[in-house]
Amino acid sequence: MTETKIYEAYNLLLKSFGRQGWWPRFDNNRFIYNKDFKNSKPSEDEAFVISISAILAQNTNWKNVEKAVINLNKENLLSKEALLKIDVGKLAGLIKPAGYFNQKAKKIKEFLKFNKEISRENLLEIWGVGEETADSILLYAYNFPIFVIDAYTKRIFNRIGFKLKNYKEFQELFHKNLVKDYKLFNEYHALLVELAKRNCRKVPICGNCPLNQVCEKLI
DNA sequence: CCCCAGGCCGCGC
DNA sequence: GCGCGGCATGGG
């Protein structure tokens with residue numbers, strides 16, 4: 001049964017990897033994972049940094065995102081007011097380590113203009129914010145119970161045996177078969193990212209995969 | 001040298 | 001609506 005399998009996969013991942021503590025909070029010039037999972041709602045300042053880092057993380061290694069955020073922090077630029085004051089070229093130079101720096105500088109500038117109510121529909125109107133970035137902001141910065149789908153999620157669940165294609169289909173799979181609990185969605189997505197890094201890579205390493213008992217291995 | 005990374009946009013069809 | 005090229009640094 002689909003529902004059982006999705007919960008089972010979650011429990012296996014959690015047992016195997018433990019809590020991931022996403023989204024890491026930026027404090028004292030470094031990112032910290034909340035492994036003890038206090039899970040308090042991020043402050044407005046924290047939500048802003050999460051949102052900016054979600055844009056920087058697009059198709060980019062997280063370590064490079066950290067470098068870019070540290071560059072911004074050293075210039076005291078981790079606030080909407082401060083970022084509004086600098087020009088897009090200067091911003092691009094500071095976020096260089098995150099890659100696509102010209103595009104991302106423009107995307108951040110567009111995000112700074114956003115002044116509507118936080119909702120999926122409104123976030124998607126921002127140039128540079130697509131479905132995954134919008135959902136990441138909603139879930140991790142504002143604790144909306146919205147499941148984040150990324151390339152890893154698609155890869156993993158296609159291998160396990162769900163033959164789905166687009167973002168919407170994958171998201172419905174989780175929304176229809178899990179209780180809408182932001183803590184569950186938070187942890188599940190983070191665990192999937194970890195699985196993709198350790199085992200379910202493009203060329204998979206299946207030997208010690210925690211999901212072997214629920215995977216069809218149709219590779 | 002290669003490939004990949006916590007995607008998105010603009011375009012052609 | 002779908003596929004594809006462009007965007008780009010840093011690590012393995």
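First the proteins, then the strands, lettered A, B, ... as listed; each starts at 1.
Remark: P of C/dG1 and NZ of A/Lys165 are 11 Å apart, rounded to the nearest angstrom. Atoms CD1 (A/Ile149) and C1' (B/dC8) sit 17 Å apart, rounded to a whole Å. Nucleotide B/dG6 holds its P atom 17 Å from the CG atom of A/Leu139, rounded to whole Å. Rounded to whole angstrom, the span from the CD atom of A/Glu132 across to the C1' atom of B/dA5 amounts to 12 Å. Note: CD1 (A/Ile137) to C1' (B/dG7) measures 13 Å, nearest angstrom. Between the CD atom of A/Glu125 and the C1' atom of B/dC8 there is a distance of 16 Å, given to the nearest Å. Rounded to whole Å, atom P of B/dG6 lies 13 Å from atom OH of A/Tyr140. Whole-Å rounding puts the A/Lys168 NZ to C/dC2 C1' distance at 17 Å.
Nucleotides B/dG6 and C/dG5 place their C1' atoms 22 Å apart, quoted to the nearest Å. When the P atom is compared between B/dG10 and C/dA8, the two are found 14 Å apart, to the nearest whole Å. If you take atom C1' in C/dC7 and the same atom in B/dA5, they sit 14 Å apart, rounded to whole Å.
Judged purely by distance below 3.5 Å, without hydrogens or angles, the side chains of A/Asn186 and A/Gln20 never pair a donor atom with an acceptor atom. Remark: the A/Lys104 side chain and the A/Thr60 side chain contain an N/O donor-acceptor pair separated by less than 3.5 Å.
OP1 and OP2 of B/dG6 both lie 4.0 Å or more from every side-chain N or O belonging to A/Ser136. When the side-chain nitrogen and oxygen atoms of A/Arg155 are compared with OP1 and OP2 of B/dA5, one or more of them lie within a distance under 4.0 Å.
If you check residues 108-123 of chain A against DNA chain C, you find no residue with a heavy atom closer than 4.0 Å.
Hydrophobic clustering of Ile, Leu, Val, Met, Phe, Trp and Tyr side chains at less than 4.5 Å, counting indirect connections, unites A/Phe111 with A/Leu84.
A distance cut-off of 5.5 Å between ring centres, combined with a plane angle under 30°, leaves A/Tyr152 outside any stacking arrangement with the base of B/dA5.
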| task | Sugar-phosphate means primed atoms, P, OP1 and OP2; the rest is base. With that split, encode nucleotides 6-12 of chain C 5' to 3' as B, S or - using protein heavy atoms under 4.0 Å. | result | BBBBSS-
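Other residues, nucleotides and ligands place no more than 12 heavy atoms under 6.0 Å from the NZ atom of A/Lys96. Other residues, nucleotides and ligands contribute more than 12 heavy atoms inside 6.0 Å of the NZ atom of A/Lys180.
When side chains are defined from C-beta on, A/Lys154 does not count as touching A/Leu164, because their heavy atoms never get closer than 4.5 Å.
Judged as a salt bridge (charged side-chain N to carboxylate O under 4.0 Å, His left out), and not counting sequence neighbours, the contacts of A/Lys63 are A/Glu66. Applying the ring-ring contact (aromatic ring centres under 6.0 Å, His included) test to A/Phe26 and every residue at least two apart in sequence or in another chain returns A/Phe31.
In this structure, A/Lys5 satisfies the cation-pi test against A/Phe162, with its NZ or CZ atom closer than 6.0 Å to the six-membered ring centre and inside 45 degrees of the ring normal.
Note on residues 132-156 of chain A: pairs passing ring-ring contact (aromatic ring centres under 6.0 Å, His included), not counting sequence neighbours, are A/Trp22-A/Tyr140, A/Trp23-A/Tyr140, A/Phe147-A/Phe174, A/Phe147-A/Phe185, A/Phe147-A/Tyr188.
Each of A/Val193 and A/Ile126 was matched to the nucleotide of DNA chain B holding its nearest heavy atom; the match closer to the 5' end belongs to A/Val193.
Look at A/Glu216 and A/Arg159 and you find no salt bridge, because none of the NZ, NE, NH1 or NH2 atoms lies under 4.0 Å from a carboxylate O.
Among the heavy atoms of the strands, none lies under 4.0 Å from A/Val65.
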Any N/O pairs under 3.5 Å between the protein and nucleotides 10-12 of chain B? List them or say none.
residue : atom : partner  : partner atom : Å
B/dG10  : OP1  : A/Trp127 : NE1          : 2.9

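Of the possible donor and acceptor atoms, one in the side chain of A/Tyr167 sits under 3.5 Å from a partner among the backbone N and O of A/Ile149.
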